[in-house]
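Naming convention: chains lettered A, B, ... in sequence-line order (proteins, then strands); numbering from 1 in each chain.
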Amino acid sequence: MFGGDAELLSMKQTLTEILLDALSRAKEKGELKLAQQPAVTLETPKTKGHGDLATTLALTLAKPEAQAPRRIAEIIVANIQDRGSVIEKTEIAGPGFINFFLTQDRWKQTLFEIDAEGFQYGLLNLGKGERVLLEYVSANPTGPLHVGHGRGAAVGDALANLLAAVGYDVVREFYINDAGRQIKLLARSIHARYQQALGNEAPFPEDGYHGAYIEEIARGLIRADGEHYVRVPFEQCEARFAAFGREAMLAEIRADLEAFGVRFDHWFSEASLLDGGAVQQSIDELKQRGFAYEHDGALWLKSTAFGDDKDRVVVKQDGTYTYLATDIAYHRNKLGRGFATLVNIWGADHHGYIPRVQAVIQAFGHPKDSLHVLLVQLVTLMRHGQPVPMSKRAGDFVTLRDVMDDVGRDAARYIFLTRRSDSHLDFDLDVAKEQSRENPVYYVQYAHARLSSIFREAETRGIAVPASAEVDLALLDTEEEQNIIKSLARYPEMIEEAALAYEPHRITFYLQDLAGLLHNYYFKHRIIADDRARTMARLFLMKQVKTVIRGALGILGVNAPEKM
RNA sequence: GCGCCCGUAGCUCAGCUGGAUAGAGCGUCGGACUUCGAAUCCGCAGGCCGCAGGUUCGAAUCCUGCCGGGCGCACCA
């Protein structure tokens with residue numbers, strides 16, 4: 001299932017072993033003391049002249065060994081035994097860097113690897129099947145999804161795909177905030193519109209939801225239940241209005257997400273925690289564990305025991321629960337389902353909430369870092385160079401659906417992933433529609449479509465995509481081809497790093513780079529050329545590029561079109 | 001006032017958990033379509049990495065203090 005380690009070590013792994021081997025040999029000979037086993041790190045140098053991979057091992061050893069770093073580098077290099085003959089040459093540079101230049105053969109094995117593994121190439125088994133719960137979007141069912149939710153959905157979905165790609169067992173969950181004041185307000189708003197639609201004067205609630213969608217829901221209720229509630233006081237039909245509004249909104253949210261290509265494994269209702277008694281049970285357990293206490297007629301969570309600024313109220317003086325109460329129950333529920341890691345994707349305006357939820361996690365006896373909160377910053381929509389004004393109170397805001405209709409699903413998803421999630425995003429609607437280099441999604445998709453087109457052309461000329469056995473990779477000798485091969489070889493480590501850092505945006509940057517190399521290559525060289533053997537080698541290379549682009553786009557949830 | 005995040009090219013942003021000469025796109029200017037898709041490519045220019053200290057062989061990256069911006073600081077959700 002997972003490629004990589006079984007048949008072929010990555011270049012990094014291979015070199016790491018060679019280095020460890022050299023170190024132990026130096027130690028045996030007494031050339032190095034190595035009181036402590038140093039961490040062997042390898043990185044890809046920025047400058048080409050510095051080799052394919054480089055280590056700072058000698059620099060970090062300088063102090064403990066009390067020797068000049070260059071001297072240590074010489075010792076290490078002298079002790080290297082390159083059994084697999086992957087090293088073309090080794091250089092000691094600068095203060096003591098050891099630079100490795102790898103053999104052509106070793107690079108080109110990458111192509112065979114991709115050919116053999118297909119979309120499995122680059123996938124790892126870091127997670128080893130460990131279960132991760134990823135919670136995202138989690139919008140109140142009181143209005144349609146807006147652009148900020150869209151970003152959360154895109155980031156969450158891509159991260160879920162990414163974690164799954166590195167071997168985690170990921171469950172995607174949407175927490176429905178269907179308890180408390182907001183739902184009541186929704187019901188009130190619908191109630192007012194309902195009365196108005198039937199010709200009754202009805203005051204609209206102070207902080208009610210003003211959007212036109214409320215009127216639609218009211219009309220829907222008239223269709224469903226008729227004029228049954230005319231002049232019926234709100235209190236007597238609240239339950240019906242709340243339930244109807246909740247269902248209507250959820251249906252719309254679900255449909256929007258579906259259209260956006262985002263699906264959840266579970267929809268978890270906040271109200272169910274209250275109805276089922278889970279909240280009370282959670283509070284009881286906190287009391288038993290000594291992390292809840294009564295004071296001033298309220299019940300407090302002792303979150304300061306885990307580094308929060310102050311303790312937090314869980315049950316108010318009037319006996320009702322705070323929002324934290326259901327969140328305590330919710331996170332207890334998550335932990336109880338056996339997830340080792342919880343990931344929550346929140347709007348950045350909730351960041352102040354992190355310490356107390358981490359306190360909750362710890363109060364239930366789990367390590368702080370079993371909860372990972374990813375903050376997603378706000379999105380500013382730009383049109384004609386100006387920010388699009390949005391006022392939620394007036395019900396006047398651009399919805400995710402609007403953006404999808406305007407720029408398309410792929411462009412929206414991709415652009416949401418072109419920034420680190422915690423950095424502010426200006427989403428330029430004009431650019432997102434543009435079919436040019438400026439629009440990153442087209443740039444990458446175009447690379448894929450262009451490759452597809454080449455294969456169609458090859459087919460019409462009667463040239464089949466060659467099997468690995470029939471290509472001579474020595475013919476891939478141009479600089480552009482080398483660059484592409486090295487980029488493809490870097491794909492697995494990029495995936496690994498992106499997954500470990502919970503940063504799916506790294507994939508978009510990688511794709512921009514790879515697509516750029518491809519476009520550049522395409523312009524300088526003909527893939528289908530007169531030389532048959534060279535054509536075969538190049539087609540083989542192009543096939544692997546196509547595989548990687550498609551696989552990476554797949555993780556992002558963006559289509560890889562054959563034609564555009 | 002306290003806490004979190006952010007200050008990198010004119011603009012929008014990367015910078016891989018401390019590495020070598022700080023990168024990309026856009027924008028400006030100039031160039032490339034009889035040949036596999038020009039939704040593309042090539043070139044030029046552009047920088048006290050907010051400021052000042054500190055940690056060390058080495059700092060855009062880590063620490064401290066300022067300055068500037070955003071967001072939080074409820075017995076709201």
Pair A:Arg538-A:Tyr521, side-chain donor/acceptor within less than 3.5 Å: yes

Distance, P atom - from B:C41 to B:C26, rounded to whole angstrom: 8 Å

Sugar-phosphate, base or nothing in reach of A:Asp349, heavy atoms under 4.0 Å: sugar-phosphate

Touch class at under 4.0 angstrom, heavy-atom based, for A:Ala298 against every strand present: base

Sugar-phosphate, base or nothing in reach of A:Ile454, heavy atoms under 4.0 Å: sugar-phosphate

Pairwise P distance for B:G72 and B:A9, with rounding to whole Å: 27 Å

Sugar-phosphate, base or nothing in reach of A:Asp311, heavy atoms under 4.0 Å: nothing

Sugar-phosphate, base or nothing in reach of A:Arg506, heavy atoms under 4.0 Å: sugar-phosphate

Side-chain touch A:Trp346/A:Val357, heavy atoms, less than 4.5 angstrom: yes

P-based separation of B:C62 from B:C6 [nearest Å]: 9 Å

Sugar-phosphate, base or nothing in reach of A:Tyr353, heavy atoms under 4.0 Å: base

A:His351 side chain to A:Asp422 side chain, donor-acceptor N/O pair below 3.5 angstrom: no

C1' spacing across the pair B:U28 / B:G53, given as an integer number of angstrom: 39 Å

A:Asn177 side chain to A:Gln182 side chain, donor-acceptor N/O pair below 3.5 angstrom: no

Donor-acceptor pair between A:Gln280 and A:Tyr321 side chains, under 3.5 angstrom: yes

Touch class at under 4.0 angstrom, heavy-atom based, for A:Arg526 against every strand present: base

Sugar-phosphate, base or nothing in reach of A:Ser453, heavy atoms under 4.0 Å: base

Touch class at under 4.0 angstrom, heavy-atom based, for A:His525 against every strand present: base

Bracket string, RNA chain B, 5' to 3' - pairs by Watson-Crick or G-U geometry under 3.5 Å, | interstrand: (((((.(..((((.....[...))))..((((.......))))......(((((..]....)))))).)))))....

Sugar-phosphate only, base, or nothing, as touched by A:Asp318 at under 4.0 Å among non-hydrogen atoms: nothing

Sidechain N-carboxylate O distance under 4.0 Å for A:Lys334, A:Glu173: no

A:Lys433, NZ atom: more than 12 neighbouring heavy atoms under 6.0 Å: yes

N-glycosidic conformation, B:C16 - syn within 90 degrees of 0, else anti: anti

Set of residues satisfying salt bridge (charged side-chain N to carboxylate O under 4.0 Å, His left out) with respect to A:Glu493, sequence neighbours excluded: A:Lys12

Flag for A:Asp311-A:Tyr293: side-chain donor and acceptor within less than 3.5 Å: yes

Separation between the C1' atoms of B:G18 and B:C11, rounded to whole Å: 30 Å

Sugar-phosphate, base or nothing in reach of A:Lys310, heavy atoms under 4.0 Å: sugar-phosphate

Torsion-based syn/anti label for B:U55, 90° from 0 as limit: anti

Given RNA chain B, 5'-ward residue of the pair A:Arg461 and A:Glu503, judged by closest heavy atom: A:Glu503

Residue whose nearest RNA chain B nucleotide is more 5′ - A:His424 or A:Thr322: A:His424

Contact boundaries on RNA chain B for chain A, cut-off under 4.0 Å to non-hydrogen atoms: B:G3 to B:A77

Sugar-phosphate, base or nothing in reach of A:His50, heavy atoms under 4.0 Å: base

Atom P, compared across B:C13 and B:G7: separation rounded to whole Å: 10 Å

A:Lys368 vs A:Ile361 side-chain heavy atoms within contact, under 4.5 Å: no

Sugar-phosphate only, base, or nothing, as touched by A:Ala179 at under 4.0 Å among non-hydrogen atoms: sugar-phosphate

C1' spacing across the pair B:C48 / B:G31, given as an integer number of angstrom: 35 Å

Sugar-phosphate only, base, or nothing, as touched by A:Ala501 at under 4.0 Å among non-hydrogen atoms: nothing

Centroid separation A:Tyr502 to A:His372 less than 6.0 Å: yes

Separation between the P atoms of B:G15 and B:U8, rounded to whole Å: 14 Å

